[in-house]
Novice: 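After the structure tokens below, expect a handful of questions from me.
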Amino acid sequence: MEKNNERNLNITLRNEEADKDEIIISFSSILKQLKRFLAFWLVIAIVVGILIPVGTAVFTADQHKNLTALVSFNYSGIEKGLAPDGTQFDINSLKNPKVIQAALEAQGLPLDSLEAIRQSISIEGVIPSNAIDRITMYKSIYEQGNLNAGERMLDVSYFPTQYQLTFNYSASGMSGKMAVTVFQGILDSYKEYFFKEYGFNQALGSAVRALKYTDYDYAEAVDVFSDTISKMQSYVNTLNREDTARFRSTETGFTFADLSNSLSTLKNVDLDKISSYITVNNVTKDKSALIDYYNFRIETLMRERTVASDNLNAVNSAIEAYEQSVTIIYGEGQDPKEYTQSSAEYDNLFKKKIEAQNTVSSKTQGINMYQQRVNALKGKSSASQEKVEKVEKELAELNNKINEMLDLTNATANEYYETAYLSNAYTILVPPSSSELNTTKNVLKSAMETWLVAEALILVLYILVAFGTALIIDNRKARAAKRRTAMGEDEDEDEEEASEAEEEKPAAKKSLDKKKKK
């Protein structure tokens, strides 16, 4: 008869302080329990595997109705977080209500969902990994107590130039196709908003047209026109300096240099002609009031000239005291030669000197001009009605010419910003797109993540139940065996006592017989 030797690996945990407490763990018993509960585990795993994807599709489908797009800004100053006009750039202007409204109106959609759409758009800056590494490194150094790194951290501040926009259209009630159209319309609408916001020229036009020359005396109106033309010239000359490509508008046919020359002609010919006619003929609405105005202008210009003269003297003193860098070159067989090197600071002082000299000169010319007008008004009588009407007619014509130049300037500047200066300032790198397949893939991805977590928990629970059940059963068997062993020891003791009693009986009987004989 063969003997089945079953080898079991048992682990016994014994409490040395109380020898009665023992925990026995049998791996073979654990395997038996795993087999026992295998069917239950498979059924639960299959049911959960079916319910999780279905539940995810039903309850989280709206969360995956997302459209994403990527936009980029490329102009001087964006790397410092600035807008083209030098102010702080606000990326949330991408979802400005005006932008969304324009997109909805372009599709003929009601504006009821405007706020819901705005709330559903989120914007996140895209920061390159190398910038993150630098910022993280300096932050770590700073946290370790190196305070000098605090200043260095300021040098690695990073402002994103690319932004990712996400539009969750579940709350808008739109289909995926319509949501793509509206989202694309918002991105396109922002481009027009961007040019209007940072084109600079619209604000110039509003400021220039705000003044009415008819509210002033004729000589004062000349000053108003002169100031207007000067502002336009300053604006055009600034654009001309920035325009390195010699931009020429296809709409107006002008370059900024052409506009500047036209404005100079308007000021030096048309305006000066009217000004001289007014001065020579004493054309005025109120002679005494005009004399008071001229005297006030003379006093103001004299004060401004004094300030400019002091500034010029200070700049001249700085130039004289400035020590330029000197480089000495030694050549073999030649005497040393000294070369004076200019610097940006020294060049800047000369620019300030030229500006101060021009200011002093212009103030002096203005003083002389107003003084001549005062002398003319005091020496002559007022002009006839015929001359007054002539001046009014020429001022009206000059006003029309200035407004025409303003329109040409605005149109040329608009085209320049849109096609040259700001042509690549705002770019849609990745347009929004949507498909049912993409939404399904996102739902399945989310479902798989949840399914894996659930199945892992079920597996752990299955193993724990098998382990616990095996532990309970093995320890019950161990305690029962221990009790049986204890009962067997008690029976042996009773048998020994009985055997001893039997041995003692003959001796007791002999002793009793002896007593009887006696």
Side-chain angles (χ1 to χ4, degrees), residues 56-75 78-79 81 83-84 89-129 131-132 158-198 417-419 422-449:
T56 303
V58 173
F59 295 105
T60 66
D62 286 346
Q63 299 178 6
H64 299 284
K65 290 183 177 180
N66 291 332
L67 301 177
T68 58
L70 187 66
V71 299
S72 172
F73 294 89
N74 182 23
Y75 58 85
I78 183 61
E79 71 282 354
F89 179 63
D90 183 14
I91 188 59
N92 288 314
S93 60
L94 273 162
K95 53 179 183 177
N96 187 287
K98 294 181 180 179
V99 176
I100 300 176
Q101 179 179 345
L104 292 175
E105 291 176 348
Q107 297 299 323
L109 298 175
L111 303 181
D112 300 342
S113 59
L114 189 151
E115 184 59 25
I117 292 175
R118 193 183 70 84
Q119 296 278 355
S120 301
I121 296 176
S122 59
I123 305 173
E124 183 179 359
V126 179
I127 303 179
S129 59
I132 295 177
Y158 186 84
F159 294 93
T161 59
Q162 295 183 3
Y163 292 88
Q164 178 176 294
L165 285 78
T166 303
F167 175 35
N168 185 288
Y169 59 92
S170 58
S172 65
M174 293 185 292
S175 63
K177 185 176 181 180
M178 179 56 68
V180 170
T181 303
V182 171
F183 196 21
Q184 182 66 53
I186 292 173
L187 299 179
D188 293 336
S189 177
Y190 180 75
K191 188 171 187 178
E192 182 178 354
Y193 172 87
F194 185 83
F195 289 138
K196 287 183 178 180
E197 187 73 13
Y198 303 114
Y417 280 114
E418 293 183 10
T419 61
L422 294 178
S423 60
N424 297 320
Y426 167 72
T427 307
I428 303 174
L429 296 179
V430 180
S433 61
S434 177
S435 66
E436 295 299 330
L437 177 60
N438 188 45
T439 302
T440 304
K441 286 172 62 178
N442 291 331
V443 172
L444 290 177
K445 181 180 179 182
S446 178
M448 284 298 297
E449 294 175 354

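These values consider heavy atoms only, across backbone and side chains, with no hydrogens, waters or symmetry-generated copies.
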Novice: Quick one: closest heavy-atom pair of Y75 and A425, and the distance?
Specialist: CD2-CB, 3.9 Å
Novice: Would you say S72's side chain and T427's backbone share a donor-acceptor pair under 3.5 angstrom?
Specialist: no
Novice: Distance from T161 atom OG1 to I127 atom CD1, nearest 0.5 Å?
Specialist: 10.0 Å
Novice: Quick check for you: to the nearest 0.5 Å, what is the distance between L165 atom CG and F183 atom CZ?
Specialist: 5.0 Å
Novice: Between S93 and F194, is any pair of side-chain heavy atoms under 4.5 Å apart?
Specialist: no
Novice: Return yes when atom CD of E105 has more than 12 non-hydrogen atoms of other residues, nucleotides or ligands closer than 6.0 Å, and no otherwise.
Specialist: yes
Novice: Counting N and O atoms only, with roles assigned by atom type, does the side chain of Y426 sit under 3.5 Å from a partner on the main chain of L187, one being a donor and the other an acceptor?
Specialist: yes
Novice: With a 6.0 Å cut-off on ring centres, are F73 and F89 close enough?
Specialist: yes
Novice: Is there a side-chain contact between I117 and F167, using heavy atoms and a 4.5 Å cut-off?
Specialist: yes
Novice: Might you point out which heavy atoms bring S189 and A102 nearest each other, and give the distance in Å?
Specialist: OG-CB, 3.2 Å
Novice: If you round to the nearest 0.5 Å, how far is CD1 of I123 from CG of L94?
Specialist: 5.0 Å
Novice: With sequence neighbours left out, what residues match Y163 under ring pair (Phe, Tyr, Trp, His ring centres under 6.0 Å)?
Specialist: none
Novice: Could you tell me which non-hydrogen atom of S113 sits nearest to which non-hydrogen atom of P110, and how far apart they are?
Specialist: OG-O, 4.0 Å
Novice: Ignoring hydrogens, what is the shortest heavy-atom contact between I100 and K95? Give both atom names and the distance.
Specialist: CD1-O, 3.7 Å
Novice: Minimum heavy-atom separation for I186 and V99, please, with both atom names.
Specialist: O-CG1, 3.3 Å
Novice: Determine which pairs satisfy side chain to side chain donor-acceptor pair (under 3.5 Å) with at least one residue from residues 119-128, sequence neighbours left out, and list them in order.
Specialist: E115-Q119
Novice: Which atom pair, heavy atoms only, marks the closest approach of A69 to P431?
Specialist: CB-C, 4.3 Å
Novice: Between CG of N92 and CZ of R118, what distance do you get to the nearest 0.5 Å?
Specialist: 8.5 Å
Novice: To the nearest 0.5 angstrom, please state how far the NZ atom of K98 sits from the CD atom of E197.
Specialist: 7.5 Å
